[in-house]
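Report on the following structure.
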Amino acid sequence: TQSTRPQRLLSAVQKNATRGDPRSVVKAIDHFCRHKEWAMNVGDEKGCILDSVVTEVNPHTVLELGTYCGYSTVRIASLLPPHAKLITLEFNPDYAAVARQVIAWAGLEEKVQLVEGASSDWIPKLKEQFGIQTFDLVFLDHWKDRYLPDTKLIEEFGLLRKGSVLLADNVICPGTPDYLEYVRSSPQYKSQYFKSHLEYTKVEDGLEKSVFLG
Ligand SMILES: CCCNc1ncnc2c1ncn2[C@@H]1O[C@H](/C=C/CNC(=O)c2cc(-c3ccc(F)cc3)cc(O)c2O)[C@H](C)[C@H]1O
Ligand SMILES: [Mg+2]
């Protein structure tokens with residue numbers, strides 16, 4: 001049977017990256033997506049902005065919505081302090097299976113909890129299931145029309161504290177207009193746009209960083 005693009009991306013990691021070296025995993029994926037097959041990872045340009053926000057926040061608890069192949073999972077987890085935890089939600093079992101192997105190749109299994117399931121089902125259960133109080137950082141990169149409903153769910157279940165940071169990919173392309181309107185007009189958030197480009201292209205895109213004011 002034909003392989004899928006995520007499976008070919010995983011093969012490129014296993015062929016070109018060094019086990020236990022997250023930066024080599026990131027480089028191998030970026031090379032594959034730039035020179036072989038485009039894939040919807042946050043990519044190297046926006047990835048550098050992601051890295052700077054993660055470093056600034058220095059989070060002990062991170063929630064990622066939409067694992068896909070685990071590219072941003074690896075970028076974030078490689079920057080976390082010891083004992084920090086990243087919970088990443090992915091409801092497609094095939095993508096989850098690829099992401100687990102990418103995360104394992106990077107040697108980051110200890111820092112990452114990949115939960116197979118839908119954000120809408122799991123956000124209400126994260127406190128009880130994983131002993132989480134609040135998240136220091138949330139990275140949104142799943143279906144674009146789910147950013148706003150899931151943000152409201154995260155608020156509703158008390159998963160944010162004063163200073164928690166939401167970082168959203170693709171606020172220009174494909175775009176998340178209702179989410180942008182919400183975080184930019186709500187008195188509960190201080191929002192900032194980081195202009196960049198759609199991964200591996202010259203098309204404009206960017207990340208929106210929104211600090212929860214409580
Ligand atoms: C209950 C459902 C919600 N809850 C969910 N709960 C758990 N997991 C969820 C949920 N909703 C989705 N997922 C998973 O997250 C992933 C989905 C990722 C989606 N990302 C994009 O669509 C995108 C497109 C472009 C793009 C730009 C230009 C183009 F021309 C083409 C494409 C670029 C980009 O950077 C992009 O991130 C994964 C595929 C999917 O299984
Ligand atoms: Mg994205």
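Every number for a ligand or one of its atoms is a count from 1 in the order of the listing.
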I need the atoms of ligand 1 closer than 4.0 Å to a non-hydrogen atom of [X], numbered in the order shown.
| X | answer |
| --- | --- |
| Ser120 | 1 (C) |
| Asp169 | 35 (O) |
| Asn92 | 41 (O) |
| Leu89 | 7 (C), 8 (N) |
| Glu199 | 33 (C), 34 (C), 35 (O) |

Nearest-contact summary for [atom] - protein heavy atom, Å:
| atom | result |
| --- | --- |
| atom 22 (O) of ligand 1 | Lys144 CE, 3.7 Å |
| atom 24 (C) of ligand 1 | Pro174 CG, 3.6 Å |
| atom 16 (C) of ligand 1 | Glu90 OE1, 3.9 Å |
| atom 11 (N) of ligand 1 | Trp143 CD1, 3.2 Å |
| atom 15 (O) of ligand 1 | Gly66 CA, 3.3 Å |

Only one of [options] clears side chain to side chain donor-acceptor pair (under 3.5 Å) with [X]; which?
| X | options | value |
| --- | --- | --- |
| Ser196 | Lys46, Glu45, Glu204 | Glu45 |
| Ser191 | Glu208, Lys209, Arg184 | Glu208 |
| Lys144 | Asn170, Asp169, Thr176 | Asn170 |

Quiz prompt | ligand 1 to Arg146 polar contact by distance, N or O atoms, under 3.5 Å | solution = no
Practice problem: Decide whether an N or O pair under 3.5 Å exists between Asp141 and ligand 1. | Solution: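 Yes, since at least one N or O of Asp141 sits under 3.5 Å from an N or O of ligand 1.
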Quiz prompt | Val53: which of Val165, Leu207, Leu79 passes side-chain contact (heavy atoms from CB on, under 4.5 Å) | solution = Val165
Quiz prompt | Val138 and its side-chain contact (heavy atoms from CB on, under 4.5 Å) partner, picked from Thr61, Thr151, Leu166 | solution =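 The single option meeting the side-chain contact (heavy atoms from CB on, under 4.5 Å) with Val138 is Leu166.
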Exercise. Establish, yes or no, whether the cationic atom of Arg146 lies under 6.0 Å from the six-membered ring centre of Tyr179 and within 45° of the ring axis.
Key: no
Quiz prompt | Distance under 6.0 Å and angle within 45° of ring axis: Lys152 vs Tyr182 | solution =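 Yes.
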Practice problem: Please step through side chain to side chain contact (heavy atoms under 4.5 Å, CB included) for the pair His197 and Asp205, ending with a clear verdict. | Solution: CA-CA 4 Å; His197 296 94; Asp205 188 22; 5.8 Å; no
Would you call [X] and [Y] a salt bridge, taking side-chain N to carboxylate O under 4.0 Å as the test?
| X | Y | value |
| --- | --- | --- |
| Asp136 | Arg161 | yes |
| Arg100 | Glu90 | no |
| Arg23 | Asp51 | yes |
| Glu199 | Arg34 | no |

Closest candidate by heavy atom, reference [atom], pool [options]:
| atom | options | result |
| --- | --- | --- |
| atom 34 (C) of ligand 1 | Asn41, Leu198, Asn170 | Asn170 |
| atom 5 (C) of ligand 1 | Pro6, Ser119, Ser72, Ala99 | Ser119 |
| atom 39 (C) of ligand 1 | Tyr95, Tyr200, Phe91, Trp38 | Tyr95 |

Quiz item: For atom 30 (F) of ligand 1, is some protein heavy-atom partner under 4.0 Å away?
Solution: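 No; the ligand atom in question lacks any protein heavy-atom contact below 4.0 Å.
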Quiz item: What are the protein N/O/S atoms, named by residue and atom, that sit under 2.8 Å from the Mg ion (ligand 2)?
Solution: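 Result, waters dropped: Asp141 OD1, Asp169 OD2, Asn170 OD1.
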Quiz item: Is there a heavy atom in Gly117 that sits closer than 4.0 Å to ligand 1?
Solution: yes
Quiz item: His142 pairs by ring-ring contact (aromatic ring centres under 6.0 Å, His included) with which of Tyr147, Tyr95, Trp122?
Solution: Tyr147
Quiz item: Are more than 12 heavy atoms from other residues, nucleotides or ligands located less than 6.0 Å from atom NE2 of His83?
Solution: no
